[in-house]
Amino acid sequence: MAEVIGGLSTSHVPMIGKAIAAKRQEQVSFRPFFDGYAPVRQWVAQARPDIAVVIYNDHGLNFFLDTMPTFALGVAREYANADEGWGPPVPHVFPGAPRLGWHIADRLVADEFDIATCQEMLFDHAGATALDLVWPDGVPVATIPVVINAVQPPLPTPRRCYKIGQAIGRAIRAYPEPLKVLVIGSGGLSHSLGQSGSINQAYDKRCMDQMLSDPEALASLTNDEIVRDAGTQGLEILTWIAMRGVVAGPVDLVASTYHAPISHTGGAMMLFDARGSRTVA
Amino acid sequence: MADLDLDAMGQGYALNKLAWSLNRADNRADFLADEDGYCARYGLSDVERAAVRNGDKQGLRGVGGNPYFLAKLDRTWRIAGDPRRADDAVERARLENGNG
């Protein structure tokens with residue numbers, strides 16, 4: 001059966017992607033964030049996941065307000081990135097995993113989660129940056145994007161995101177092939193964008209502690225509390241919470257890093273190893 | 001979330017659609033070449049057009065601009081060195097003096 005071998009949560013600030021594209025990871029002021037990824041690359045080289053389920057929020061690339069799903073699941077054979085208004089990005093075409101994707105879709109709907117399925121979609125920098133951080137020399141895994149609406153209120157609750165993560169985890173573990181799946185949650189942490197909030201290191205550190213040992217506390221937050229403490233864009237932590245639902249149960253912390261600021265954001269990363277845990281959520 | 005302002009929901013749709021179109025380089029060029037014409041093609045209301053002409057972020061949000069889409073409009077102006085990109089007088093002066 002397929003297995004969720006680990007979970008990674010990461011910031012995806014565009015400055016990170018720019019530094020990777022320009023190969024300036026060692027020159028930028030937030031170099032410690034990149035240095036923190038060394039153990040992540042070692043871990044994936046040893047653990048060798050087959051598939052990355054990448055949970056992120058679209059930034060007005062693939063989805064417009066005409067039709068805005070709360071949760072969207074990619075079931076395409078491949079995904080390209082594209083200009084998001086900042087000019088053409090370093091082009092990527094990520095192979096998809098439609099067979100597992102359709103299995104997850106089927107299980108989610110049966111599990112009473114109402115999702116949109118996408119047979120064609122553009123891959124936002126939020127997801128691409130996360131993959132580039134883990135695999136800067138080329139992404140060797142197939143991907144399944146899971147997009148959480150953070151654009152148009154009403155947004156899903158942290159509890160709902162945690163639950164859909166748990167349901168995705170159950171679906172993966174019921175897939176009858178021995179695939180190794182790494183789940184990635186991309187976004188956050190606290191943002192300072194004009195009047196929309198300020199970097200809140202105490203909040204960020206508390207969230208990281210809770211991601212490891214008390215995800216229920218995060219699932220119990222309200223979106224208003226998140227906006228109050230982390231700024232409007234701090235709602236991207238919903239992707240972390242969903243990721244944590246996928247890995248489920250106790251995990252081992254492989255690596256974590258925190259560097260503020262990266263642009264206007266608390267830049268954070270956590271990697272969990274889930275292979276010691278055989279929980280069924 | 002805090003209670004939605006039901007009457008404000010859906011405001012700024014044309015403005016947001018215009019901003020979304022700026023994902024494309026050709027659209028960014030067309031917009032910068034003739035903002036009024038571009039706004040007219042997207043059917044912006046008078047209030048939305050005034051907000052675009054004025055360019056300040058609070059004003060654009062105030063007519064229903066969504067930050068995820070407004071970021072593309074902001075970026076389009078910034079690349080063009082447009083003084084409306086500036087949020088405050090100091091940066092505005094800096095851009096107007098060609099240092100942006």
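As the structure is a computational prediction, the values presented were derived from the model and not from experiment. Every heavy atom of this structure was used, including side-chain atoms; hydrogens, water molecules and symmetry mates were not. Residue numbers begin at 1 in each chain, while the letters A, B, ... track the order of the sequences.
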Chain B contact via [X] - side chain, backbone, both or neither, heavy atoms under 4.5 Å:
X	value
Leu61(A)	both
Ala82(A)	neither
Asp66(A)	both

What class does the angle between the rings of [X] and [Y] fall in, given that below 30° is parallel, 30 to 60° is tilted and above 60° is perpendicular?
X	Y	result
Tyr38(B)	Phe31(B)	perpendicular
Phe94(A)	Phe123(A)	tilted
Phe69(B)	Phe64(A)	perpendicular

Q) What part of Ala71(B) is in contact with chain A, defined as an atom under 4.5 angstrom from a non-hydrogen atom: side chain, backbone, both or neither? A)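 Contact with chain A: backbone and side chain both.
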Q: Name the region of Asn16(B), side chain, backbone, both or neither, that has any atom closer than 4.5 Å to a heavy atom of chain A.
A: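 For Asn16(B), backbone and side chain are both near chain A.
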Q. With respect to chain A, which residue among Asn66(B), Leu22(B), Leu73(B) yields the maximal number of heavy-atom pairs within a distance under 4.5 Å?
A.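 It is Asn66(B).
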Q: Check whether any side-chain N or O of Arg28(B) sits under 3.5 Å from a backbone N or O of Asn23(B) as a donor-acceptor pair, and report yes or no.
A: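 Side chain of Arg28(B) to backbone of Asn23(B): a pair is present.
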Q. Hey, is the main chain of Leu189(A) close enough, under 3.5 Å, to the side chain of Asp204(A) for a donor-acceptor pair?
A.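 No, Asp204(A) side chain to Leu189(A) backbone: no donor-acceptor pair under 3.5 Å.
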